[in-house]
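The next block holds one structure in the form of structure tokens; read it before the comments.
In this text the structure is predicted, and so the values were computed from the model without any measurement. The chains referred to below are lettered A, B, ... by the order of the sequence lines, with proteins before strands, and numbering in each begins at 1. Atoms considered below: every heavy atom in the structure, side chains included; atoms not considered: hydrogens, waters and symmetry mates.
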There are 2 protein chains.
Amino acid sequence: MASITIIDIAKMCGVGVTTVSRAINNHPDISEETKAMIMKVIKENHYVPNNSARNLKRSASKTIAVLIKGITNPFFNRMIQVFEKEIKRKKYSFILQRVDEHQDEIEVAIELEKEKRLKGIVFLGGYFSHSKEKLEQLTVPFVLSTIGMAPEFDPTEFSSVSVDDFKESYKIVDFLCSLGHRKIAIITAPMDDVSIGKLRYEGYKKALEDRGLQVDSRLVCSMKDHLESYSMENGYVVTKDLLESGEPFTALFAVSDSLAVGACKAIFESGKHVPGDYSVAGFDGLDIAYYYNPSITTIRQPVEEIAEETLRILFDLINKKQSHSHKIFPGELMIRESTARI
Amino acid sequence: MASITIIDIAKMCGVGVTTVSRAINNHPDISEETKAMIMKVIKENHYVPNNSARNLKRSASKTIAVLIKGITNPFFNRMIQVFEKEIKRKKYSFILQRVDEHQDEIEVAIELEKEKRLKGIVFLGGYFSHSKEKLEQLTVPFVLSTIGMAPEFDPTEFSSVSVDDFKESYKIVDFLCSLGHRKIAIITAPMDDVSIGKLRYEGYKKALEDRGLQVDSRLVCSMKDHLESYSMENGYVVTKDLLESGEPFTALFAVSDSLAVGACKAIFESGKHVPGDYSVAGFDGLDIAYYYNPSITTIRQPVEEIAEETLRILFDLINKKQSHSHKIFPGELMIRESTARI
DNA sequence: TTGTAGGCGTTATCAC
DNA sequence: GTGATAACGCCTACAA
């Protein structure tokens with residue numbers, strides 16, 4: 001049962017461990033023959049170096065970790081692909097680490113940094129509200145990507161890439177207004193939430209106000225706590241409640257495309273039509289918003305660009321080419337079938 | 001910069017490293033006071049034990065790894081949640097490891113087993129066709145979950161949990177036949193593929209044959225290689241091609257719900273209706289199949305049950321309560337709006 | 001080009 | 001209840 005070690009290999013080959021180590025790690029100072037011979041023995045005996053030992057000894061490794069909160073979010077799929085491709089292209093290795101909803105991503109990051117001797121970290125998703133003290137324990141560069149940020153944060157202490165959730169939300173709600181809608185409902189995060197849900201709600205509020213419209217609290221619907229947040233099911237249940245309340249409205253802005261899909265379903269089940277009876281708008285620009293029937297008006301986030309820029313900044317940070325920077329990408333209003341003039 | 005170690009903490013506390021180690025790891029042989037004192041110092045100095053060193057030294061750790069191929073598949077989301085919950089409930093820790101499409105999951109598993117001293121492994125997704133020799137290098141118990149399997153495998157050498165893709169596929173195609181459809185197209189994996197796509201295709205073939213129908217190769221559509229497999233986009237593009245080919249058909253079976261969604265979109269764009277002009281059926285039982293408009297007839301895989309059974313078997317294996325076993329769950333035919341009598 | 005030996009940070013063994 | 005000390009498996013000066 002005892003696993004085979006580098007020493008065993010060395011003995012079998014009749015060489016020293018150093019030589020074996022050189023063979024494994026493609027070091028220059030080794031003759032082709034001995035290397036080939038060693039590799040052959042390694043293959044035959046299925047020797048696999050122990051990563052823990054390597055990481056322990058190694059002072060630094062060329063690896064980037066991406067910590068992602070809410071991995072169920074299809075929005076991240078495309079981003080992950082870009083991250084993986086780009087990181088590999090730079091000859092770094094790539095670790096994807098899921099962070100639980102209730103877990104503290106900084107703590108996970110600190111631990112991982114020590115364990116894997118990371119060169120850099122990308123935080124994806126979730127909301128960022130950590131003490132400066134904690135942030136300082138992170139000794140490698142990191143970038144926050146598509147993360148809602150507490151405004152009180154000092155922008156000189158970190159880097160970030162995202163869209164302006166407030167502004168984009170404003171944009172799409174304003175678009176609904178421009179279609180003549182005056183009673184616009186919203187499905188958003190619970191009020192005690194401090195994430196992008198909140199930012200998008202603020203955009204909604206401001207857009208209405210600028211149009212001289214009152215925010216009607218009866219049309220402000222919070223996602224259900226006991227259901228997965230931002231899910232289709234959540235949108236469905238919330239919309240069902242709204243429809244049953246009898247509160248009149250003509251348009252509905254869901255702060256994510258998945259919520260919008262669920263909302264449409266609830267509307268169909270009540271015998272109504274989209275956009276005939278209700279206009280529905282989403283947010284994010286997921287594939288499903290395009291493929292849904294009707295296709296759903298939404299704000300498309302430029303995921304590829306966001307991912308690429310995130311890495312560009314991270315590598316600049318790693319190479320000390322620059323200090324912290326913040327990049328805001330514009331979202332794109334995708335006008336589709338789910339919204340209509342009133 | 002140099003990280004703080006257990007020795008530093010020991011010195012600061014005026015105790016030996018052993019004692020600190022005991023405090024960290026909740027060992028019994030330590031007084032409450034010293035433990036509290038040590039923990040306080042640890043907190044104050046933000047000491048975080050180095051995982052590599054722990055793993056290196058530890059003989060065994062209570063951790064289960066789930067290796068997942070194709071993490072973009074929303075089908076796995078629910079399963080992962082179950083895994084995480086159950087594994088935590090058993091006081092094990094949980095590692096989710098993504099495996100790249102082209103990566104060999106067994107190699108990843110072997111490496112991870114050594115690095116993290118795993119107690120067990122769950123393989124999720126992909127197709128399993130590894131040599132016995134390689135499998136034997138895995139010294140910890142493992143279970144294959146929802147994985148297509150080469151039939152030539154010796155069932156006494158591993159455990160598995162899944163639905164019978166062949167049978168379920170047969171079931172839904174037979175259902176389409178029972179509605180009077182005789183020209184049934186299929187969107188499936190490329191013919192050189194050896195995954196569940198192939199099994200589902202075989203079920204389709206058999207169902208038609210048993211109904212005395214010919215498999216019309218012009219109605220057998222393969223997913224595009226250059227697009228993400230099983231994606232909505234793939235279903236969309238393939239269906240567009242099929243419609244443009246002018247080949248007559250009245251029903252379409254897509255081997256995944258996402259493909260089915262894309263297919264519906266293509267049909268709508270051509271000015272046709274579902275199920276008025278074409279019946280469409282999917283496979284998997286994703287949320288979106290229910291929320292889509294029209295809701296999509298599909299085979300629902302009992303994901304929770306599959307996940308739970310997977311762990312039950314794995315833990316039985318770990319506790320030596322049993323040897324390899326195979327569990328096949330029945331899928332459930334969900335008859336919805338996207339299919340109609342011809 | 002190759003081998004020897006020390007140490008990475010932790011836990012386990014065994015004394016006290 | 002507590003503390004030295006030897007591993008764990010590998011990498012890397014340094015020596016040969």
With the side chain of [X] defined as its heavy atoms from C-beta on, choose the nearest nucleotide among [options].
{"X": "B:V17", "options": "C:dG9, C:dT11, C:dG3", "value": "C:dT11"}
{"X": "B:K57", "options": "D:dT2, D:dG9, C:dA12", "value": "C:dA12"}
{"X": "A:R22", "options": "D:dC14, C:dT10, D:dG1", "value": "D:dC14"}
{"X": "A:P49", "options": "D:dT2, D:dC10, C:dG3", "value": "D:dC10"}

Counting any heavy atom closer than 4.0 Å, what does [X] reach on the DNA or RNA strands: base, sugar-phosphate only, or nothing?
{"X": "A:R58", "answer": "nothing"}
{"X": "A:N25", "answer": "sugar-phosphate"}
{"X": "A:T5", "answer": "sugar-phosphate"}
{"X": "A:I30", "answer": "sugar-phosphate"}

Pairing of [X] and [Y] as salt bridge, 4.0 angstrom limit:
{"X": "A:D100", "Y": "A:K69", "result": "no"}
{"X": "B:E115", "Y": "A:K116", "result": "yes"}
{"X": "A:E86", "Y": "A:K90", "result": "no"}
{"X": "B:E308", "Y": "B:R312", "result": "no"}

Over how many whole Å does the gap from [X] atom [atom1] to [N] atom [atom2] extend?
{"X": "B:K11", "N": "D:dG3", "atom1": "NZ", "atom2": "C1'", "result": "15 Å"}
{"X": "A:I4", "N": "D:dC8", "atom1": "CD1", "atom2": "P", "result": "15 Å"}
{"X": "A:D29", "N": "D:dA16", "atom1": "CG", "atom2": "P", "result": "18 Å"}
{"X": "A:I6", "N": "C:dA5", "atom1": "CD1", "atom2": "C1'", "result": "14 Å"}
{"X": "A:L56", "N": "C:dG7", "atom1": "CG", "atom2": "C1'", "result": "9 Å"}
{"X": "A:N50", "N": "C:dT10", "atom1": "CG", "atom2": "C1'", "result": "13 Å"}
{"X": "A:E115", "N": "C:dC8", "atom1": "CD", "atom2": "C1'", "result": "14 Å"}
{"X": "B:K35", "N": "D:dG1", "atom1": "NZ", "atom2": "P", "result": "12 Å"}

Please check the phosphate of [N] (OP1 and OP2 only) for any side-chain N or O of [X] closer than 4.0 Å.
{"X": "B:T34", "N": "D:dT2", "answer": "yes"}
{"X": "B:T18", "N": "D:dT5", "answer": "no"}
{"X": "B:T19", "N": "D:dG3", "answer": "yes"}
{"X": "B:H27", "N": "C:dT11", "answer": "no"}
{"X": "B:R54", "N": "C:dT11", "answer": "yes"}

Within 45° of the six-membered ring axis of B:Y92 and under 6.0 Å from that ring's centre, is NZ or CZ of B:K88 located there? no
Under 6.0 Å between ring centres: does that hold for B:F123 and B:F142? yes
